[in-house]
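Read through the structure below, which is laid out as structure tokens, and then see the notes.
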Amino acid sequence: MKIIRFIIASFGGYLLTSLATITLTLGLPFENKAEATLFASMISFIIWLLIILYAFSNVQIKKLLFQLASVCIILFIINNLLMLES
């Protein structure tokens, strides 16, 4: 079971973190996009750490997969809406 949690934390965490980084880059009100990208990249390490810690907490695997998939879908939709605006 720990190997499944490791795989979910690694790949699911990476997917969610990359989507969150894109969302932050597009949504932050910086004048320069390089500053927004740098700030979002720094925040992404904290997000990934929190996902890894949550994956190894006392949560059921099905619930973890559902939550990660739900957040990824929501971030994907937000990214598409932000891309249409710019």
Side-chain angles (χ1 to χ4, degrees):
M1 288 307 232
K2 294 210 184 254
I3 198 79
I4 295 173
R5 289 186 187 272
F6 175 75
I7 292 170
I8 293 171
S10 298
F11 296 112
Y14 179 77
L15 176 65
L16 194 138
T17 303
S18 62
L19 287 170
T21 304
I22 295 168
T23 305
L24 286 172
T25 301
L26 293 173
L28 288 173
F30 285 108
E31 293 178 16
N32 189 356
K33 283 296 179 188
E35 293 175 358
T37 305
L38 180 64
F39 181 76
S41 296
M42 289 188 289
I43 296 296
S44 71
F45 291 109
I46 296 170
I47 294 171
W48 201 357
L49 173 68
L50 292 175
I51 293 168
I52 291 170
L53 290 175
Y54 183 70
F56 283 100
S57 69
N58 200 9
V59 66
Q60 294 178 352
I61 293 177
K62 289 181 183 179
K63 183 178 177 182
L64 174 67
L65 282 172
F66 179 73
Q67 289 172 345
L68 282 177
S70 300
V71 173
C72 285
I73 291 170
I74 291 169
L75 286 174
F76 182 74
I77 292 169
I78 292 172
N79 287 339
N80 284 336
L81 292 175
L82 288 173
M83 290 290 272
L84 290 175
E85 286 180 8
S86 59

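- Residues that satisfy the side chain to side chain donor-acceptor pair (under 3.5 Å) test with Tyr14, not counting sequence neighbours, are absent from this structure.
- Linking ILVMFWY residues whenever their side-chain heavy atoms come closer than 4.5 Å, directly or via other members, leaves Leu49 and Phe6 in distinct clusters.
- Partner of Ile8 under the side-chain contact (heavy atoms from CB on, under 4.5 Å) criterion, out of Ile61, Ile3, Ile51: Ile61 alone.
- Looking only at side-chain heavy atoms (C-beta outward), Arg5 and Val59 come within less than 4.5 Å of each other.
- Side-chain heavy atoms closer than 4.5 Å link hydrophobic residues (I, L, V, M, F, W, Y) into clusters, and following such links, even through other members, never connects Leu26 to Leu19.
- Side-chain atoms of Ser10 never come within 3.5 Å of backbone atoms of Ile7 as a donor-acceptor pair (strictly under, hydrogens ignored).
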Report the C-alpha distance between Leu38 and Met42 in whole Å, list the side-chain angles of each, state the deciding distance to 0.1 Å, and finish with yes or no for side-chain contact (heavy atoms from CB on, under 4.5 Å). CA-CA 6 Å; Leu38 180 64; Met42 289 188 289; 4.2 Å; yes

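- Between Leu15 and Ser18 the shortest heavy-atom distance is O-OG, 2.9 Å.
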Working note: Ile47 + Thr21, criterion side-chain contact (heavy atoms from CB on, under 4.5 Å); need CA distance, chi angles, decisive distance, verdict. CA-CA 9 Å; Ile47 294 171; Thr21 304; 6.0 Å; no

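- More than 12 non-hydrogen atoms from other residues, nucleotides or ligands lie less than 6.0 angstrom from CZ of Phe30.
- In this structure, the side chain to side chain donor-acceptor pair (under 3.5 Å) partners of Thr23, at least two apart in sequence or on a different chain, are Asn79.
- Met83 and Ile22 end up in the same hydrophobic cluster when Ile, Leu, Val, Met, Phe, Trp and Tyr side chains are linked at under 4.5 Å.
- Each of Ile78 and Leu24 belongs to its own hydrophobic cluster when Ile, Leu, Val, Met, Phe, Trp and Tyr are linked at side-chain heavy-atom distances under 4.5 angstrom.
- Evaluation of the side chain to side chain donor-acceptor pair (under 3.5 Å) rule for Gln67 yields Tyr54 as partners, not counting sequence neighbours.
- Connection of Leu65 to Leu68 is established within a shared hydrophobic cluster, with ILVMFWY side chains joined at heavy-atom distances below 4.5 Å, either directly or through further cluster members.
- To the nearest 0.5 Å, atom CD1 of residue Ile43 and atom OG1 of residue Thr25 are 11.0 Å apart.
- In terms of heavy-atom proximity, Ala9 sits nearest to Phe56 at CB-CE1, 4.1 Å.
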What do the steps show when you test Phe39 against Leu28 for side-chain contact (heavy atoms from CB on, under 4.5 Å), and what is the final call? CA-CA 9 Å; Phe39 181 76; Leu28 288 173; 3.4 Å; yes

